[in-house]
Visitor: 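Just dropping this structure here.
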Amino acid sequence: VKTHCRIYGCVEILDAKTKDKLCFLDKVEPNATIGEIKSMFHKSHPQWYPARQSIRLDPKGKSLKDEDVLQHLPVGTTATFYFRDLGAQISWVTVFLTEYTGPLVIYLMFYFRVPFIYAPKYDFTTSKHWVVHLACMCHSFHYVKRLLETLFVHRFSHGTMPLRNIFKNCTYYWGFAAWMAYYINHPLYTPPIYGEQQIRLALIIFLFCQIGNFSIHIALRNLRPPGSKTRKIPYPTKNPFTWIFLLVSCPNYTYEVLGSWLGFTVMTQCLPVAFFTLVGFIQMTVWAKGKHRSYLKEFRDYPPLRSPILPFIL
């Protein structure tokens, strides 16, 4: 074994919790990646497929990236790694398609007033208020856009996420969709207090920010070649909707919550929509701050004027 380790490299994998030895790999090429080591480990432990594995240098340390190369890591001729089971995994695409299809279908059920939602006399009736029909079109447009972006635009740096996330995400999106749709499509719903002017202004805000959000997603897609996990600093392009990159790190969130959903709130003047917008803003602020910190950590020349989600504020 010692001779093998001099020429190649040896890898021992221990359980991060118990420190028990799970696997010993000899004849590992010095230029082998963590992803390749995961595949070797999977052969001896079929129950732990690569996406389920977290390989780290320290039991409580961060997971190593799949593209990390053995000879570039601070290890000796016999490398010791620690394994942690991430649990059952599911692809990001599957999660996104599921969590976005739900609100689309659920909202339409309330819009068409299928039986058992409202009183029987309202079954399959339509609202007399044109804003209700407009709101349905905007809500449907948003989620159809999200579904198409998932299929044709987004490139994911991580292929999977924990299976439990699909239940949490679907509860959030499906639950809020039902709550909002119930009140907006209710037979007793009343239109916004300022009438057509309020609705038209809100529609302009909504559509403007939907285009902005899509523009940012295209710009982010173009930063990452197909099949690549490389990260680059996003900069404004010739598209004016991307110029907000001068001021914020995550303008897709800015357009999404402070534009589209704020516009939808003003359009419908519905309390559940306002609450959904507030919760979404809080969550996206957390995500934006995390991405902003990782940009600052990874890129020394990262533009100093940028804020995570709100220019000069947050």
Side-chain angles (χ1 to χ4, degrees), residues 1-96 150 154-166 168 220-234 287 290-302:
V1 172
K2 289 182 181 178
T3 305
H4 286 322
C5 291
R6 285 177 196 153
I7 301 172
Y8 298 97
C10 296
V11 173
E12 64 174 356
I13 299 176
L14 311 181
D15 187 295
K17 292 181 179 178
T18 65
K19 310 300 186 294
D20 292 337
K21 184 181 287 188
L22 298 174
C23 182
F24 186 87
L25 305 170
D26 61 352
K27 291 189 176 181
V28 179
E29 295 282 351
N31 59 354
T33 63
I34 292 298
E36 291 168 342
I37 291 172
K38 284 182 178 181
S39 297
M40 297 177 200
F41 181 52
H42 177 228
K43 289 179 181 177
S44 59
H45 293 81
Q47 72 273 30
W48 292 320
Y49 45 89
R52 189 167 179 157
Q53 300 173 30
S54 169
I55 302 294
R56 50 192 75 183
L57 290 169
D58 183 85
K60 296 181 180 179
K62 290 185 178 181
S63 298
L64 294 169
K65 297 177 182 178
D66 283 355
E67 56 268 29
D68 286 339
V69 178
L70 181 61
Q71 64 184 357
H72 297 155
L73 296 171
V75 295
T77 52
T78 299
T80 300
F81 294 121
Y82 295 89
F83 160 80
R84 188 177 291 274
D85 182 12
L86 297 176
Q89 299 287 298
I90 188 170
S91 76
W92 278 82
V93 171
T94 302
V95 173
F96 277 12
T150 299
H154 295 319
R155 288 176 179 155
F156 302 100
S157 56
H158 300 287
T160 63
M161 67 167 72
L163 178 62
R164 62 181 178 274
N165 283 13
I166 195 170
K168 178 180 67 176
L220 293 174
R221 168 194 167 88
N222 292 338
L223 281 180
R224 180 176 290 158
S228 169
K229 294 185 179 181
T230 56
R231 281 161 55 92
K232 300 176 183 177
I233 299 175
W287 290 338
K291 287 191 176 184
H292 185 72
R293 280 194 300 267
S294 67
Y295 279 140
L296 290 172
K297 186 177 180 181
E298 188 171 353
F299 304 107
R300 292 183 179 179
D301 57 341
Y302 192 72

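Excluded from the calculations below are hydrogen atoms, water molecules and symmetry mates; all remaining heavy atoms, backbone and side chain alike, are included.
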Visitor: The test is side-chain contact (heavy atoms from CB on, under 4.5 Å); show your working for Phe83 and Leu14 and say whether it passes.
Guide: CA-CA 6 Å; Phe83 160 80; Leu14 311 181; over 6 Å; no
Visitor: To the nearest 0.5 angstrom, please state how far the OG atom of Ser39 sits from the CD1 atom of Ile34.
Guide: 11.0 Å
Visitor: Without swapping roles, check the side chain of His45 against the backbone of Cys23 for a donor-acceptor pair under 3.5 Å.
Guide: no
Visitor: Taking it one step at a time, do Thr160 and Leu86 satisfy side-chain contact (heavy atoms from CB on, under 4.5 Å)?
Guide: CA-CA 11 Å; Thr160 63; Leu86 297 176; over 6 Å; no
Visitor: Kindly indicate whether the side chain of Lys19, heavy atoms from C-beta on, has any atom under 4.5 Å from the side chain of Tyr82.
Guide: yes
Visitor: Once side chain to side chain contact (heavy atoms under 4.5 Å, CB included) is applied, do any residues pair with Leu296, and if so which ones, sequence neighbours excluded?
Guide: His292, Tyr302
Visitor: Can you measure from CZ (Phe96) to CD1 (Ile166) and round to the nearest 0.5 angstrom?
Guide: 11.0 Å
Visitor: Roughly how far, to the nearest 0.5 Å, is the CG atom of Asp85 from the OG atom of Ser54?
Guide: 9.5 Å
Visitor: Determine whether Leu163 and Gln89 make a side-chain contact, defined as any pair of heavy atoms from C-beta on separated by less than 4.5 Å.
Guide: no
Visitor: Among Val28, Thr80, Thr78, which residue satisfies the side chain to side chain contact (heavy atoms under 4.5 Å, CB included) criterion with Cys10?
Guide: Thr78
Visitor: So, taking the atom named OH in Tyr49 and the one named NE2 in His42, what distance separates them when rounded to the nearest 0.5 Å?
Guide: 9.0 Å
Visitor: Distance-only criterion, 3.5 Å: show the donor-acceptor pairs between side-chain atoms of residues 66-76 and protein atoms not counting sequence neighbours.
Guide:
residue : atom : partner : partner atom : Å
Asp66   : OD1  : Lys38   : NZ           : 2.8
Asp68   : OD2  : Lys65   : N            : 2.9

Visitor: For Arg221, which residues count as a salt bridge (Lys or Arg N to Asp or Glu O under 4.0 Å) partner, sequence neighbours excluded?
Guide: none
Visitor: Counting C-beta onward and ignoring hydrogens, is there a side-chain heavy-atom pair between Gln47 and Arg52 closer than 4.5 Å?
Guide: no
Visitor: Just wondering, do Arg224 and Lys232 contact through their side chains at under 4.5 Å, heavy atoms?
Guide: no
Visitor: I'd like to know if the side chain of Arg56 reaches the main chain of Gly61, judged simply by a donor and an acceptor atom lying under 3.5 Å from each other, with no hydrogens or angles considered.
Guide: yes
Visitor: Using 30° and 60° as the class boundaries, would you call the ring planes of Trp48 and Phe41 parallel, tilted or perpendicular?
Guide: parallel
Visitor: Has Arg231 got more than 12 heavy atoms of other residues, nucleotides or ligands less than 6.0 Å from its CZ?
Guide: yes
